[in-house]
Amino acid sequence: MQREELLLQIQEIFRDVLDDEEIVLEPATTADDVEGWDSLTHIQLIVAIEKHFKIKFTSKEILSWKNVGELVDCLASKLA
Amino acid sequence: MKSLQQLKRLLKQEHPDYPHIKLALLGDSATQFLATAIRGEGVARGLSVDLFEAEYNQVERQVLDPTSDLHGFRAEFTVVFQSSHKLLEKYSLAPAEARANLAQERLDFVRTLCTSVPGKVIYYNYPEIGDGVFGSYQNKVAGSFVYQVRKLNLGLMELSQEFPNLYVCDLAELQAKLGRDFCFDSSVYVSTEMLLSLDALPYVASRTLDIVCAIRGQFKKCLILDLDNTLWGGVVGDDGWENIQVGHGLGIGKAFSEFQQWVRKLKDRGIILCVCSKNDADKAREPFEKNPEMVLHLDDFAVFMANWDNKVDNIRTIREILNIGFDSMVFLDDNPFERNMVREGIPELCVPELPEDPGDYLEYLYGLNLFETASYSSADKDRTKQYQVEARRASSALSFANEADFLKSLGMVSEVRGFDSFNTPRVAQLSQRSNQFNLRTVRYTEDEVRRLGADPGFACFSFTLADKFGDNGLICVVILEKRDAGTLFINTWLMSCRVLKRGMEAFTLNTLVAFAREHGFRRLIGEYLPTAKNGMVAEHYPRLGFTPLPEAPERLFALEVEDYQPLECYIEKKS
């Protein structure tokens, strides 16, 4: 799956979990850029992404991403 | 089960008219999502949960310090989640010789908790974590972690019998059902300090609210059952009573036998059983009368409706006979079409989506925890008999020309007593169960009943009612508060709806006025506090001749004892 498409699907999950249809994600987007994305909702987002793509992230991975692009890279490597 | 996301969305639908409850949540791990789930589940049940959430890991401090925020909040319900995970950490850090005392130490704290917190305590018990240090040999080692956890859980059950305000929420059972790997998610824990997986949270919140609702008097009282392919395999009208599948011989009969055994246990616990089946009445009865494999018998059922009318009408008739709310009834039927029709016709009714395979019925129903309760007494098992008697009484009333003749013919006798050791549990139970005929809906625990009974500032009355058809047992409770030398305030007046329209209200008031006269009181003040369910008694006091008080004419009413003429009734006082 192309990165762009992964990004779009993740964007859909963000919109659903954070209840905000206007969220637009870019690879450089960080938690500071998105209202409602805090340490608590972060884990909700992760679990929702895990379920959607039927994969599991390790705790280390979850704590390592600095922006959405790194999350997508990590996801892409698991789906490869 | 709703997802955490759905519960979160529900919070936005909270209605300003919902009754509020004050609930404090204390945990030794992060509890923000649990708090969200509990509030969301509250909204799903029509409750606004005013939630106090203590700072992370302050359980002991909040409980032990009388000036803490927790004590200032004065919660009706204090929910305490001390986790197995943190207990294991404590265990692991303790010197080996201290480990065998772990359970006792924690139990000592729970004891303190129960005595220092106002209101009810809902305490989560401890799901097991097998730490693999001893293997199964841990059963022989008092200092093993699993040994301590099991001891602790047993100790909690014992404590909950000792402290009426302690309700154990069975997280251990929940984890046994859902599995530890479902309930605990290591990455959620590592990144947030939360010990419940996001998927487990709604279950835990639901079990918590089950207890809250049961304590508040919202619980299931009646189970209505379909017959063919629900209570037995096959169709009795086609197959005949000999060939239905039940018992260990035929087909999947044992699944139905075990299902019937479960239903019977519910009946023994006080759940009223009814039948609602599309069948010829005599055909439907035959298995109960003739098939020796049947676990349930006709006399286990309070109302037996087998006919070809639609089930919505039949269930409405059952409700009228039993005189309880639809929201306290459960309907089980294997047929999705019937289920949907009933759901549509009676939205308040609980209609579980039974699995297709009857072999799955029980495990599915176990998981729903439909029959949570906040009390249990040995008198509960006689309830079916009382409702059967009520059904007979209802048909006898039809043969009398007027109501007075019918009432006279019943030969009613009531015994009036204060609160004593025998009737205290029943008084407490009636105060928790009565929603409709309940003027102020104040709930009392056994402890509080005992205290009131001994308090010279109060006069307490319990009434039984028996007639030629049978004994209804204790059916009415009145608590009078001595406000001043001349005035009695009716703190509580509640009555079982089974004895409506028998003149019991008149008999009760005659008794109260006689008491007032005897002790020199001049005035009775009654108060009506409306709830969603007690509309039937809105006019209770005016009907009995009380006058509205000008300061609150909808709510407060007075009766001058001197002017009172005893009301006519056909109930004799048992001497």
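Lettering of chains follows the sequences in order, A, B, ..., and the numbering in each one begins at 1. Just so we're clear, the structure is a prediction, and the values are computed from it rather than from any experiment.
- At a 4.5 Å heavy-atom cutoff, the contact between A:Lys56 and chain B is made by side-chain atoms alone.
- Remark: B:Arg74 CZ is loosely packed, at most 12 non-hydrogen atoms of other residues, nucleotides or ligands lying under 6.0 Å away.
- Taking CG from B:Asp199 and NZ from A:Lys51, the interatomic distance works out to 3.0 Å, rounded to the nearest 0.5 Å.
- Proximity to chain B (any heavy atom under 4.5 Å) is shown, for A:Glu61, by neither the backbone nor the side chain.
- In A:Lys78, the NZ atom is crowded: over 12 heavy atoms of neighbouring residues, nucleotides or ligands sit closer than 6.0 Å.
- Nearest approach of A:Ile43 to B:Leu198, heavy atoms of both residues: O-CD1, 4.0 Å.
- Within residues 167-182 of chain B, no residue has any heavy atom under 4.5 Å from a heavy atom of chain A.
- Of the atoms belonging to A:Ile62, it is side-chain heavy atoms, and not backbone ones, that fall under 4.5 Å from chain B.
- Within the 4.5 angstrom heavy-atom criterion, only side-chain atoms of B:Phe33, from C-beta onward, approach chain A.
- Counting heavy atoms from C-beta on, the side chains of A:Val47 and B:Leu4 never come closer than 4.5 Å.
- Both the backbone and the side chain of A:Val17 have a heavy atom closer than 4.5 Å to some heavy atom of chain B.
- Across every non-hydrogen atom of B:Gln5 and A:Asp16, the tightest pair is NE2-O, 2.9 Å.
- A pairwise comparison of heavy atoms in B:Ser187 and A:Ser59 identifies CA-OG, 3.5 Å as the closest pair.
- For residues 27-40 of chain A, heavy-atom neighbours of chain B at less than 4.5 Å comprise A:Ser39, A:Leu40, sorted by residue number.
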| said: The test is salt bridge (Lys or Arg N to Asp or Glu O under 4.0 Å); show your working for A:Asp19 and B:Lys8 and say whether it passes. | reply: CA-CA 10 Å; A:Asp19 243 338; B:Lys8 231 170 139 178; over 6 Å; no
